[in-house]
Amino acid sequence: MLGKLDGFNRTHHCGELEISDINKDVTIMGWVQKRRDHGGVIFIDVRDRSGFIQVVFNPHIEKEAFNKADQLRSEYVIAVKGSIRKRPKGNINQELATGKIEVEGKQLKILDKANTTPFLIEDDVNPGENLRLKYRYLDLRRPIMREIIKLRHRVVKITRDFMDDSGFLEIETPLLTKSTPEGARDYLVPSRINAGHFYALPQSPQLFKQLLMVSGMERYFQIAKCFRDEDLRANRQPEFTQIDIEMSFITRENIFELTENLLRDIFATKNIELPKKIPVMTYQKAIDQYGLDKPDLRFDMKLKNISDIVKDSQFKIFSNIVQNDGQVKGITVKAGAKFSRSEIDDLEKYVKLYEAKGLAWIMIKDDKIKSPIAKFFTEETINKIIERMEAKNGDLMLFVADQPDIVATSLGKLRVKLAGELDLIDKNKYEFTWIIDFPLFEYKKEEGRYVAKHHPFTAPLLDDVDELDNDLDKIKANSYDIVLNGEELGGGSIRISNKELQHKIFDVMNFTEEEIENKFGFLMDALQYGTPPHGGIALGLDRMIMILANTDSIRNVIAFPKTQKATSPLTKAPSKVDKKQLDELHIDLVDID
RNA sequence: GGAGGUGUAGCGAAGUGGUUGAACGCGCCGGCCUGUCACGCCGGAGAUCGCGGGUUCAAAUCCCGUCGCCUCCGCCA
């Protein structure tokens with residue numbers, strides 16, 4: 001009768017039983033976490049989604065159940081009838097949530113047997129990630145993974161409740177849609193019915209949510225799957241989830257307020273409090289002081305510009321770079337004078353990853369200057385540098401001289417790396433900030449044209465459209481990112497709600513009339529029929545869960561993630577398909593080795 | 001496309017040319033055990049050392065190639 005529940009009706013979940021349930025008759029169901037067989041008495045930890053509880057089988061209580069318990073092995077699925085009782089004195093386990101009580105097992109039913117699992121179903125095992133992904137259904141049995149999945153559910157539920165309370169409609173948008181020319185590489189889906197034509201999976205529901213504003217839906221949100229065919233990282237998967245929001249008749253500040261209130265509810269799940277108002281920082285300030293547009297504000301070590309001090313120095317590397325539109329900036333590592341030469345060499349290797357050509361350094365050790373470059377500077381210059389860098393005895397100053405973007409990125413990344421290694425980051429701190437006033441465009445050398453830094457539907461911050469005929473580098477966008485502890489949680493913008501302006505933006509990005517029509521004709525059409533001012537934001541759900549769950553891999557917060565090569569060890573996707581399928585899709589494969 | 005790391009029983013992991021018939025821990029199998037909860041005790045099974053070449057009297061160990069996984073650069077409006 002394997003697998004039949006006859007006579008057994010689950011009454012309680014294992015982890016929810018407590019002292020007040022003593023003397024109750026209960027029926028629990030779950031997996032055998034552990035069998036401890038003492039010959040005369042057998043202990044079974046039974047685990048379900050809620051946690052686990054110890055069941056005792058004693059031959060003097062129920063001989064038959066005891067005998068059956070002898071057959072149990074790890075991960076067998078069982079149903080147990082019994083009664084809750086207090087554990088005998090001296091046998092209380094304070095470590096466990098259910099450690100004061102136990103189930104006296106009276107009837108046992110084996111619902112399914114299990115092979116020995118490839119790894120133990122425990123939190124403190126460390127199987128290779130490939131194995132975990134291949135047997136993901138077992139990996140998810142581990143409490144640590146189960147709790148992340150539950151956390152993710154709670155966050156989504158909080159979001160839906162909050163958005164509903166705030167007057168938003170949850171509206172689904174197509175997954176089979178049109179390839180967009182800007183942005184990431186699209187995942188394409190061939191059309192059987194339309195030979196040679198392709199759908200694309202959405203990189204985001206961007207245009208649909210704007211069209212919904214034109215539709216008069218006023219407030220839209222969606223827990224939206226997004227797809228980007230780019231290389232993977234520890235925090236990047238080809239398919240990921242955004243909390244996607246769009247509102248009409250609002251300003252940037254309305255979106256800030258709404259987002260902050262939503263985040264306040266979400267972060268409360270982990271007892272993390274948001275400030276009354278999240279501070280705002282300009283993009284320029286973030287780059288100047290932190291080098292990155294997602295500054296980690298939990299520690300100081302700001303970037304300092306010494307270009308003016310070294311501009312006319314004898315150190316040609318510095319002075320030449322400054323005189324050729326470059327700059328020299330540095331960070332001061334408190335107590336960094338303990339760094340060895342080879343450790344500094346490693347730091348130099350690190351900044352070189354970001355195209356810096358070198359890492360200059362000045363150390364103040366035992367009140368003496370130690371530095372390979374000090375000989376090029378007068379004492380006065382050195383003192384000015386020390387003053388600017390706010391360095392003290394025992395500190396280490398590190399400098400990069402290069403074009404401003406390279407200086408910013410390399411020092412910005414170095415700052416974060418050093419803070420981590422020197423343990424400067426208070427793990428209990430949560431520093432939120434809005435970043436505003438991004439550039440509207442950035443110049444792409446490879447393409448020889450300007451592209452939108454956020455996306456091409458972002459409204460510029462300008463008084464006059466004619467400014468778009470001037471210096472494009474200077475134009476700011478009405479866009480914003482929300483940053484937490486150096487991670488970008490999300491970003492959005494006020495959108496263009498005017499056809500002429502939208503057209504002008506496409507123009508300056510070098511789109512031809514024909515391209516505009518082909519790629520965005522439907523948007524341009526829609527903008528002619530009465531478009532409300534609107535804007536929105538998208539929050540990265542996966543990254544938010546990573547922070548809340550305190551894990552450093554996005555794969556840990558997705559039930560069935562993919563490997564770095566975008567494959568699934570579980571399903572073996574992607575895979576080859578039959579010739580017949582390809583024929584129907586009008587697809588010929590070119591030779592691939 | 002590139003750089004680095006890694007791959008040894010089911011899992012974790014030691015071993016960098018020959019006393020290693022490849023350690024150790026967990027798990028697994030058998031036996032004993034009435035209060036364990038990292039149960040304990042006794043016994044046992046289990047390894048193409050990722051794969052393919054090569055060097056050598058001798059390779060897990062050195063060399064070349066290749067594959068998987070991880071981290072990073074590029075890429076990610």
Side-chain angles (χ1 to χ4, degrees), chain A residues 33-46 52-61 66 73-75 87-96 98-100 102 104 114-135 138-139 180-186 203-204 206-207 226-238 240 346 349-356 409-410 413 417 438-442 444 446-447 450-458 477 479 488 491 493 505 509 538 540 552-553 555 562-565 567 569:
Chain A
Q33 174 68 40
K34 187 82 185 171
R35 180 179 67 124
R36 288 180 297 278
D37 181 352
H38 284 250
V41 62
I42 297 173
F43 300 97
I44 303 290
D45 290 338
V46 181
F52 70 90
I53 189 166
Q54 172 169 283
V55 180
V56 191
F57 292 99
N58 190 314
H60 299 316
I61 310 283
F66 174 84
R73 294 293 182 271
S74 290
E75 300 308 313
R87 292 199 188 184
K89 281 199 186 68
N91 289 304
I92 287 170
N93 188 335
Q94 301 289 0
E95 311 274 297
L96 306 179
T98 56
K100 294 193 175 91
E102 62 192 6
E104 190 175 76
N115 289 344
T116 302
T117 51
F119 50 84
L120 295 180
I121 311 300
E122 289 173 5
D123 283 349
D124 49 1
V125 294
N126 183 31
E129 186 150 359
N130 212 28
L131 196 73
R132 285 177 56 202
L133 293 184
K134 181 174 178 187
Y135 298 98
L138 299 179
D139 192 36
T180 52
E182 298 289 288
R185 192 177 295 111
D186 283 321
Q203 298 176 29
S204 84
Q206 183 60 35
L207 286 172
C226 304
F227 304 86
R228 295 178 191 176
D229 187 4
E230 297 293 349
D231 285 355
L232 288 73
R233 288 286 191 284
N235 62 0
R236 263 166 37 191
Q237 282 275 302
F240 61 98
D346 286 344
K349 273 184 207 145
Y350 185 73
V351 295
K352 282 181 172 174
L353 290 175
Y354 300 94
E355 291 178 39
T409 305
S410 58
K413 288 282 189 181
K417 176 190 165 77
F438 282 83
L440 185 62
F441 299 107
E442 61 186 341
K444 280 249 170 172
E446 315 83 69
E447 301 181 36
Y450 282 89
V451 301
K453 185 162 176 73
H454 185 56
H455 57 52
F457 321 110
T458 298
S479 66
E488 181 192 327
S493 61
I505 295 286
M509 289 169 55
D552 53 12
S553 166
R555 296 180 298 280
K562 296 192 173 54
T563 67
Q564 194 167 45
K565 281 196 71 186
T567 63

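Here is how names work: the chains are called A, B, and so on, in the same order as the sequence lines, proteins then strands, and each is numbered from 1.
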Using a cut-off of 4.0 Å between protein heavy atoms and nucleotide atoms, how would you tag nucleotides 3-14 of chain B 5' to 3' with B, S and -? -------SSS--
Can you sort out the partners of A/K34 under salt bridge (Lys or Arg N to Asp or Glu O under 4.0 Å), two or more places apart, ordered by chain and number? none
Residue list, salt bridge (Lys or Arg N to Asp or Glu O under 4.0 Å) with A/E488, at least two apart or on another chain: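 Partners of A/E488 under the salt bridge (Lys or Arg N to Asp or Glu O under 4.0 Å) test: none.
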Compare side-chain N and O positions of [X] against OP1 and OP2 of [N] and report whether any pair is under 4.0 Å apart.
X: A/R555; N: B/U71; result: yes
X: A/R233; N: B/C73; result: yes
X: A/K349; N: B/C73; result: no
X: A/K34; N: B/G27; result: yes

Distances for protein N/O vs nucleotides 66-68 of chain B N/O pairs under 3.5 angstrom?
unit_1: B/G68; atom_1: OP1; unit_2: A/K565; atom_2: NZ; d: 2.9
unit_1: B/G68; atom_1: O2'; unit_2: A/N130; atom_2: ND2; d: 3.3

Partners of A/Q237 by side chain to side chain donor-acceptor pair (under 3.5 Å), sequence neighbours excluded? none
Test salt bridge (charged side-chain N to carboxylate O under 4.0 Å, His left out) on A/D45 and A/R36; report intermediate values, then the result. CA-CA 8 Å; A/D45 290 338; A/R36 288 180 297 278; 3.0 Å; yes
Run the side-chain contact (heavy atoms from CB on, under 4.5 Å) test against [X] and tell me which residues pass, sequence neighbours left out.
X: A/E447; result: A/K444, A/R449, A/V451
X: A/R73; result: A/R35, A/Y76
X: A/A356; result: A/V351, A/V400, A/I406, A/S410
X: A/T116; result: none

When you get a sec, tell me which of B/C37, B/C76, B/C72 is the closest nucleotide to the side chain of A/R236? B/C76
For nucleotides 45-49 of chain B, list the nitrogen or oxygen atoms of the protein found under 3.5 Å from its nitrogen or oxygen atoms, one pair per line.
none

By ring pair (Phe, Tyr, Trp, His ring centres under 6.0 Å) - contacts of A/Y354 (at least two apart):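 In terms of ring pair (Phe, Tyr, Trp, His ring centres under 6.0 Å), with neighbours along the sequence ignored, A/Y354 is linked to A/Y350.
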Report, one pair per line, the protein and nucleotides 31-36 of chain B atoms (nitrogen or oxygen only) whose separation is under 3.5 Å.
unit_1: B/C33; atom_1: N3; unit_2: A/D37; atom_2: O; d: 3.0
unit_1: B/C33; atom_1: N3; unit_2: A/G39; atom_2: N; d: 3.3
unit_1: B/C33; atom_1: N4; unit_2: A/D37; atom_2: O; d: 3.3
unit_1: B/C33; atom_1: N4; unit_2: A/D37; atom_2: OD1; d: 3.2
unit_1: B/C33; atom_1: N4; unit_2: A/G39; atom_2: N; d: 3.4
unit_1: B/U34; atom_1: OP2; unit_2: A/H38; atom_2: O; d: 3.4
unit_1: B/U34; atom_1: OP2; unit_2: A/G40; atom_2: N; d: 2.9
unit_1: B/U34; atom_1: O4; unit_2: A/H60; atom_2: NE2; d: 2.0
unit_1: B/G35; atom_1: O3'; unit_2: A/N91; atom_2: OD1; d: 3.3
unit_1: B/G35; atom_1: O2'; unit_2: A/N91; atom_2: OD1; d: 2.8
unit_1: B/G35; atom_1: O2'; unit_2: A/N91; atom_2: ND2; d: 2.8
unit_1: B/G35; atom_1: O6; unit_2: A/R85; atom_2: NH2; d: 2.5
unit_1: B/G35; atom_1: N1; unit_2: A/R85; atom_2: NH2; d: 3.4
unit_1: B/G35; atom_1: N1; unit_2: A/E102; atom_2: OE2; d: 3.0
unit_1: B/G35; atom_1: N2; unit_2: A/E102; atom_2: OE1; d: 2.6
unit_1: B/G35; atom_1: N2; unit_2: A/E102; atom_2: OE2; d: 3.1
unit_1: B/U36; atom_1: OP2; unit_2: A/N91; atom_2: OD1; d: 3.3
unit_1: B/U36; atom_1: O4'; unit_2: A/H38; atom_2: NE2; d: 3.3
unit_1: B/U36; atom_1: O2'; unit_2: A/H38; atom_2: NE2; d: 3.3
unit_1: B/U36; atom_1: O2; unit_2: A/R36; atom_2: NE; d: 2.6
unit_1: B/U36; atom_1: O2; unit_2: A/R36; atom_2: NH2; d: 3.3
unit_1: B/U36; atom_1: O2; unit_2: A/Q54; atom_2: OE1; d: 3.3
unit_1: B/U36; atom_1: N3; unit_2: A/Q54; atom_2: OE1; d: 2.7
unit_1: B/U36; atom_1: N3; unit_2: A/Q54; atom_2: NE2; d: 3.0
unit_1: B/U36; atom_1: O4; unit_2: A/Q54; atom_2: NE2; d: 2.7
unit_1: B/U36; atom_1: O4; unit_2: A/R87; atom_2: NH1; d: 3.2

